[in-house]
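Given the structure is predicted, the values throughout are model-derived calculations rather than measurements. This chain uses plain numbering: 1 for the first residue, then up along the sequence.
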Amino acid sequence: MILFNQCSITDLEEKYMLDALHHKQCGDGSYTKKVYQLYEEKLGIKNMLLTTSCSTALDMTAILADIKEGDEVILPSYTFVSTANAFVLRGAKPVFCEIDPRTMNIDADKIEALITDRTKAIYPVHYAGVICDMDKIIALAKRYHLTVIEDAAQAVGSVYQGKYPAGTIGDMGCFSYHETKNYTMGEGGALIVKDPELLKKAEIIREKGTDRSKFIRGEIDKYSWQTAGSSYLPSDILAALLLAQTERFDEIMEKRMHVWNAYHEAFADLEADGKLIRPYIPSYSTHNAHLYYFFVKNAATRNEMLDYLKQNGIGAVFHYIPLHTSPMGERLGYHKGDLPLTEEYAARLIRLPLHANLTDGEIEYIIDKVKAVLDHDQTV
């Protein structure tokens, strides 16, 4: 079976993790500091805190944005549950916005109609590493005094307008280093906070509500409970894994881009013949080759293709079930049919294997099998 995803691990990851195992293992050790330094040098990202997952980073954003019971938060329905859980846990209501089917990102032109006097924040999600239309979203947020929190779980390394790294455009941003992402610490994430004063509060919340980080830096002689918080910081062993991955950032990116470009070029003719629709990359965003997906004509064709690819040893998959159609979405008052574009395109989407360990032979085999199905299919 050609796996859908596989981590790229070398001797460097093993070396760093073994070294961390024999030294400080709790959070905010030397490897964590080196990750921060490298992210600033390589990507220009500051004000970053590693977390135990992207989910916990998102949870922290809801606390920092002071989202409370009765508030409303605008987000796409086409996202992972963690985006919504972050504020639903605090009693806020998700207000689902339709997607732009070209990118599967939130349609920035449809957000304003959803804003009410209860709206507190907008959570744009950068699907497949393609950044949302943030100029429009930021302009709306300023006009209505809303907080913008980027779910950049899939977008590490993507850049907006040629100069703004994903996660740094809104008030806060969240990364994922889950094993399915481009760069991994097994399970982990990061929070980026633009406001330095809010970052100080985030540091306290992340350290169980204490000012222990100041104590470790020697800024105070003892630490104490300052506010409500939890244990959101990861072990330095995991940071050691992420440091190795970050030092290999360009190597991993190049390999993933090679796979993405091979798929994209190979399917150009199929798109021209109306057999599928390839990913669309808007001019304002780069992408990081996180996913390669395409759309077929309907859900039945998608299911037939997935079955065929699986039978031929290819781990292709679909993606999210739109949140508004889930049992929880129904309990919140949503129904199938509320977001027709989200529902249609979610049902037509197929993701192909994409990771740094794929060989050229495996890539060609996958392409051939996709063509074997679609060359004889009707147009989309």
Side-chain angles (χ1 to χ4, degrees), residues 27 32 35-36 39-40 43-67 73-76 78-90 92 94 105-106 120-132 134 137-138 141 146-160 164-195 198-199 201-203 205-206 229-234 238-239 242 245-246 285 288 290-291 320 323:
T32 300
V35 168
Y36 295 158
Y39 262 74
E40 183 170 354
L43 299 177
I45 294 177
K46 303 178 182 179
N47 295 356
M48 178 175 169
L49 295 171
L50 291 185
T51 60
T52 49
S53 67
C54 186
S55 297
T56 54
L58 287 162
D59 290 346
M60 289 178 66
T61 66
I63 298 170
L64 292 164
D66 195 29
I67 295 174
V73 175
I74 298 173
L75 74 161
Y78 194 69
T79 184
F80 190 58
V81 295
S82 295
T83 319
N85 275 336
F87 53 84
V88 170
L89 284 167
R90 297 181 61 79
N105 284 337
I106 191 168
K120 193 69 170 285
I122 305 170
Y123 275 71
V125 180
H126 305 320
Y127 185 70
V130 175
I131 300 174
C132 299
M134 294 302 292
I137 293 171
I138 296 296
L146 305 176
T147 301
V148 176
I149 299 161
E150 296 173 70
D151 184 336
Q154 300 180 13
V156 177
S158 298
V159 178
Y160 184 71
Y164 303 111
T168 69
I169 309 159
D171 298 289
M172 289 175 268
C174 302
F175 287 156
S176 174
Y177 301 112
H178 187 267
E179 67 168 1
T180 58
K181 301 302 187 290
N182 293 26
Y183 310 98
T184 186
M185 49 197 293
E187 178 74 82
L191 171 65
I192 301 163
V193 183
K194 184 173 288 186
D195 182 353
L198 199 61
L199 179 69
K201 184 177 179 181
E203 187 179 67
I205 292 169
R206 176 173 167 267
S230 192
S231 184
Y232 293 126
L233 72 165
L238 298 180
L242 182 58
Q245 293 272 289
T246 308
S285 177
N288 62 353
H290 175 59
L291 298 177
Y320 310 124
L323 295 183

Heavy-atom pair with the smallest gap, counting every atom of [X] and [Y]:
{"X": "Tyr160", "Y": "Cys132", "result": "CE1-O, 3.4 Å"}
{"X": "Thr32", "Y": "Ala239", "result": "OG1-CB, 3.4 Å"}
{"X": "Pro234", "Y": "Arg206", "result": "CD-NH2, 4.4 Å"}
{"X": "Ala152", "Y": "His126", "result": "CB-CD2, 3.8 Å"}
{"X": "Leu233", "Y": "Gly27", "result": "CD1-CA, 3.6 Å"}
{"X": "Lys120", "Y": "Asp66", "result": "NZ-O, 2.5 Å"}

As an exercise, state the distance from [atom1] of [X] to [atom2] of [Y], rounded to the nearest 0.5 Å.
{"X": "Met60", "Y": "Lys201", "atom1": "CE", "atom2": "NZ", "result": "10.5 Å"}
{"X": "Ile149", "Y": "Met172", "atom1": "CD1", "atom2": "CE", "result": "4.0 Å"}
{"X": "Ile106", "Y": "Asp151", "atom1": "CD1", "atom2": "CG", "result": "11.0 Å"}
{"X": "Ile122", "Y": "Ile137", "atom1": "CD1", "atom2": "CD1", "result": "6.5 Å"}
{"X": "Ile192", "Y": "Ile45", "atom1": "CD1", "atom2": "CD1", "result": "4.5 Å"}
{"X": "Tyr232", "Y": "Leu191", "atom1": "OH", "atom2": "CG", "result": "11.0 Å"}

Is there side-chain contact between [X] and [Y], with heavy atoms separated by less than 4.5 Å?
{"X": "Leu198", "Y": "Val193", "result": "yes"}
{"X": "Glu187", "Y": "Glu179", "result": "no"}
{"X": "Thr61", "Y": "Cys174", "result": "yes"}
{"X": "Asn288", "Y": "Tyr183", "result": "no"}

Spell out, as yes or no, whether a donor-acceptor pair under 3.5 Å connects the side chain of [X] to the backbone of [Y].
{"X": "Asp171", "Y": "Val148", "result": "yes"}
{"X": "Thr246", "Y": "Leu242", "result": "yes"}
{"X": "Glu150", "Y": "Gly173", "result": "no"}
{"X": "Lys194", "Y": "Ile169", "result": "yes"}
{"X": "Glu40", "Y": "Lys46", "result": "no"}

*State, without any angle test, whether Thr79 and Tyr123 hold a side-chain donor-acceptor pair at a distance under 3.5 Å.*
no
*asked:* Applying side-chain contact (heavy atoms from CB on, under 4.5 Å) to Val125 and Leu75, what does each step give before you reach the verdict?
replied: CA-CA 8 Å; Val125 180; Leu75 74 161; 5.6 Å; no
*Could you give me the CA-CA distance, side-chain angles and deciding distance for Leu291 and Gln154, then say whether side-chain contact (heavy atoms from CB on, under 4.5 Å) is met?*
CA-CA 9 Å; Leu291 298 177; Gln154 300 180 13; 3.8 Å; yes
*ring-ring contact (aromatic ring centres under 6.0 Å, His included) with Tyr320: which residues, sequence neighbours excluded?*
Tyr78
Just list the side-chain donor-acceptor pairs under 3.5 Å for residues 49-58, sequence neighbours left out, or say none.
from, atom 1, to, atom 2, distance (Å)
Thr51, OG1, Ser53, O, 2.7
Thr51, OG1, Gly189, O, 3.3
Thr51, OG1, Ala190, N, 3.4
Thr52, OG1, Thr56, OG1, 3.0
Ser53, OG, Ser55, N, 3.2
Ser53, OG, Thr56, N, 3.0
Ser53, OG, Thr56, OG1, 3.3
Ser55, OG, Ser82, OG, 2.5
Thr56, OG1, Ser53, N, 3.1
Thr56, OG1, Ser53, O, 3.0

*Please work out which of the three classes, parallel, tilted or perpendicular, describes the rings of Tyr177 and Phe175, given edges at 30° and 60°.*
perpendicular
